[in-house]
Structure formats: C-alpha cells, structure tokens
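These notes concern the structure reproduced below.
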Amino acid sequence: MKRDFITLWDLSAEETDRIIARAIGLKAGRDAGKCPLIGRSIGLLFEKPSTRTRVSFEVGIYQLGGQPIAMNPSELQLGRGETMADTARTLSRYLSAIMMRTHAHATLETFATHATIPVVNGLSDLHHPCQALADLMTIRERKGILKGLKVAFIGDGNNVCNSLIQAAARMDFNLTIATPEGFEPNAEILQGARETAKSEIVVLRDPKEAAGLADVVYTDVWVSMGQEDQTEKKKKKLRDYQINSRLLACAKKDVMVLHCLPAHRGEEITDEVMDGPHSAVFDQAENRLHAQKALLEMLVR
Ligand code: CP
Ligand code: NVA
C-alpha cells in the first residue's frame, strides 16, 4: 500500500519522531553513500515558485541515488487541459513517488486519489508539512526536546501556521498564535488538532502576549503566494506583528527565531533579528534537505 504525506496527520507521533532522529543522523553523516533510491525517479511538480523545496528535494534525491524530475504544469499536457487524474495515472507508471506544490489543496488530494505512488505535499494553500518536519528537527536540534516547549507563531495564520498547529498536537509542544482579526489559521485544522492535543494551542491577538516567555518565536511572510491581490490590506493589518528586538525582549533569553523563508525583511521580520544571535533560519532551511531525505527513505519502497 502506498503512503502519502499530504498533511502532518499522515505520520504518527512515533513515525515523526523517527524521521526527526533519522534526519539528525543523516546530517551527522550517518550512512553517507547509502543509496536507497538507486534506479528510482521521483517527480517534482511545481504550480508555484520555489527555491528551498525544489533544490533540497533535487539534491536529497540525488544523494539517495535517485533521479529527480522537476516539472511545471505549463510544460506538461496539464497546461492544455489533460486532467490531474489522468496525469496522476500516467506519471504513476514511470515514477516511484511525486512531490507537488499546488495552489488549491484539493488538487493534491485529487492527484493522490488517482496516483498509485506516494504523493508528498511540497506546499498547498492549506498545508506545508515538509516545512513542519524541518521545523521540528531544528527545534529538537537546538533545544534538545519538543515536549512542553512554548512556541509562538506571530503574523498571518497561513499554510505554515496550519502545519505548525498539527506539529504541536503531534509532538506535545504548546503553541500560541497571534494574528489580527480575520487572519486566524484554518478553523477546521485548529479544531482537529485541539481534539487530539495534550498540549495547549491558543489563538490570540496580542503579539507581546504570544511572545511572552516563548522558547521559539516563528513568523512567515504576510502575503503568501497566490494572495498578491490582498497585499495592501494584509500589510496594513499585520503592521504591528513584526518580529523585532522589542518583541523578542518579551521571550525567554535563549529564544530561537524561526522563519520558513523566503523573508520580506523589514516587514514580518527585521534584519537585526534575522541576522542576530537568536536566528536559526538558515539551519532551518538546511534541515529541509535532511528531513526530506528521511521522509523519502520511509515512503519510497
Ligand atoms: N520554505 C519554502 O518552502 O521555501 P521555497 O518556497 O523557497 O521552497
Ligand atoms: N506562506 C508562504 C510560505 C512560502 C514557503 C507561501 O505560501 O507563500
């Protein structure tokens, strides 16, 4: 039976833990040269731009001995009206797995329904689970634990925030989210996570309250890909949600700062914080590579 990774729920807590531990081992050079994907081709389909996801998957697949094939819909017959379902059926005959970055989350679900190979979500408008795996790894790496920590997400309640909510529920850390009214995370995802969480997942308005005594402060862009028509409105509403040194002073002294990148420096995060001693953002970007290699080792059989 094929295994998909469409949301973080597709992995149990034990599996998530195992992937984090394996990713840390791969980063340390364990099993370097082991090539579980030898002779396998893995597709990478992008409806939206990408730097980290594209390159970390391409490099990771190569390092595991496989062949990455990056595609975008306009180069495929998808751009001329072939359906997602038929594309999924066809690509399943050549590839051993596919990673997809889509606008609508439903596109990924449709593809996964008709594909007979593992489908990995490389970001949709609702979720970014590969990012969450790297986030968990980065926190574990620096803090040694996940359980019981206080993580604050400040800004737009977007796809990255939604996956972080599921991560909090799976790995038992407390999550406080500060957003302006109207920019809260997805209500269904929030409710689903709260139903299973042993930790606290709180949504409030005041960024200082959220950052208060936090172990980790996390932010993302205010305007996600595909939302460009809302740029002015979002920038105005989110103005007071910037991660700057004043806000960071509310957190614990050894707070770590995360951002999935790309950042809009001077908007959601200042240069001072992003380049400062608390920032782990480039380790976080590097960890995409290790976490995804561990994920592919588990999914591709
Ligand atoms: N964080 C992340 O997914 O970055 P890219 O959009 O560059 O892939
Ligand atoms: N929320 C952002 C994440 C980019 C990696 C977006 O969807 O554009």
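Counting starts at 1 for both ligands and their atoms, following the listed order.
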For this session: Would you mind running through ligand 2 and noting each atom that sits below 4.0 Å from a heavy atom of N158?
Result: 1 (N)
Problem set entry | Numbered atoms of ligand 1 (with element) below 4.0 Å of T51, judged on heavy atoms | 5 (P), 7 (O), 8 (O)
For this session: Just need the protein heavy atom nearest to atom 3 (C) of ligand 2, so name the residue and atom and give the distance.
Result: D220 OD2, 3.5 Å
For this session: Identify the protein heavy atom lying closest to atom 3 (O) of ligand 1, giving its residue, its atom name and the separation to 0.1 Å.
Result: H128 NE2, 2.8 Å
For this session: Would you kindly specify which portion of L261 sits under 4.0 Å from ligand 2, judged on non-hydrogen atoms: side chain, backbone, both or neither?
Result: backbone
For this session: Answer with yes or no whether K48 contacts ligand 1, where contact means a heavy atom under 4.0 Å from a ligand atom.
Result: no
For this session: Determine, for D125 against R101, whether the closest basic-nitrogen to carboxylate-oxygen distance falls under 4.0 angstrom.
Result: no
Exercise. Any side-chain donor paired with an acceptor under 3.5 Å for E268 and T219?
Worked result: no
Problem set entry | Any N/O pair C260/ligand 1 closer than 3.5 Å | yes
Exercise. What protein heavy atom is closest to atom 2 (C) of ligand 1, reported as residue, atom name and distance in Å?
Worked result: R288 NH1, 3.3 Å
Exercise. Are I145 and M137 joined in one hydrophobic group, where the rule is that I, L, V, M, F, W and Y side chains link up if heavy atoms are under 4.5 Å apart?
Worked result: yes
Exercise. Hey, does L123 sit under 4.0 Å from ligand 1 if you only count heavy atoms?
Worked result: no
Exercise. Is any side-chain N of the basic residue among R140 and D17 closer than 4.0 Å to the acidic one's carboxylate O?
Worked result: yes
Exercise. Any N/O of R54 closer than 3.5 Å to an N/O of ligand 1?
Worked result: no
For this session: Return the option from H259, M225, Q284, R101 holding the heavy atom at the smallest distance from atom 6 (O) of ligand 1.
Result: R101
Exercise. Among L261, V221, N159, whose heavy atom sits nearest atom 1 (N) of ligand 1?
Worked result: L261
Seminar exercise, completed: min-distance protein heavy atom vs atom 4 (C) of ligand 2 -> L123 CD1, 3.8 Å
For this session: Starting from the C-alpha separation in whole Å, work towards a yes-or-no answer on salt bridge (charged side-chain N to carboxylate O under 4.0 Å, His left out) for R239 and E267.
Result: CA-CA 8 Å; R239 205 171 35 201; E267 289 183 12; over 6 Å; no
Problem set entry | Test salt bridge (charged side-chain N to carboxylate O under 4.0 Å, His left out) applied to D31 and K293, step by step | CA-CA 12 Å; D31 293 334; K293 282 171 72 178; over 6 Å; no
Problem set entry | Residue, atom name and distance, where the atom is the protein heavy atom closest to atom 8 (O) of ligand 2 | M225 N, 2.8 Å
Problem set entry | Inter-residue atom distance L45.CG - E47.CD, 0.5 Å rounding | 6.5 Å
For this session: Kindly give the cluster partners of V59, where membership spreads through any ILVMFWY side chain lying under 4.5 Å from a current member.
Result: V55, L289
Exercise. Is R3 salt-bridged to E15, going by a charged N under 4.0 Å from an acidic O?
Worked result: yes
Seminar exercise, completed: re atom 7 (O) of ligand 2, the protein heavy-atom contact at minimum distance is N159 ND2, 2.9 Å
For this session: Considering heavy atoms of the protein only, find what lies nearest to atom 4 (O) of ligand 1 and give residue, atom and distance to 0.1 Å.
Result: R52 NE, 2.9 Å
Exercise. Among K147, K253, K150, K252, which residue meets the salt bridge (Lys or Arg N to Asp or Glu O under 4.0 Å) test with D215?
Worked result: K252
Exercise. Heavy-atom contact under 4.0 Å between V223 and ligand 2?
Worked result: no
Problem set entry | N-O pairing of R22 and E297 below 4.0 Å | yes
Exercise. Judging by distance only, is a nitrogen or oxygen of S224 under 3.5 angstrom from one on ligand 2?
Worked result: yes
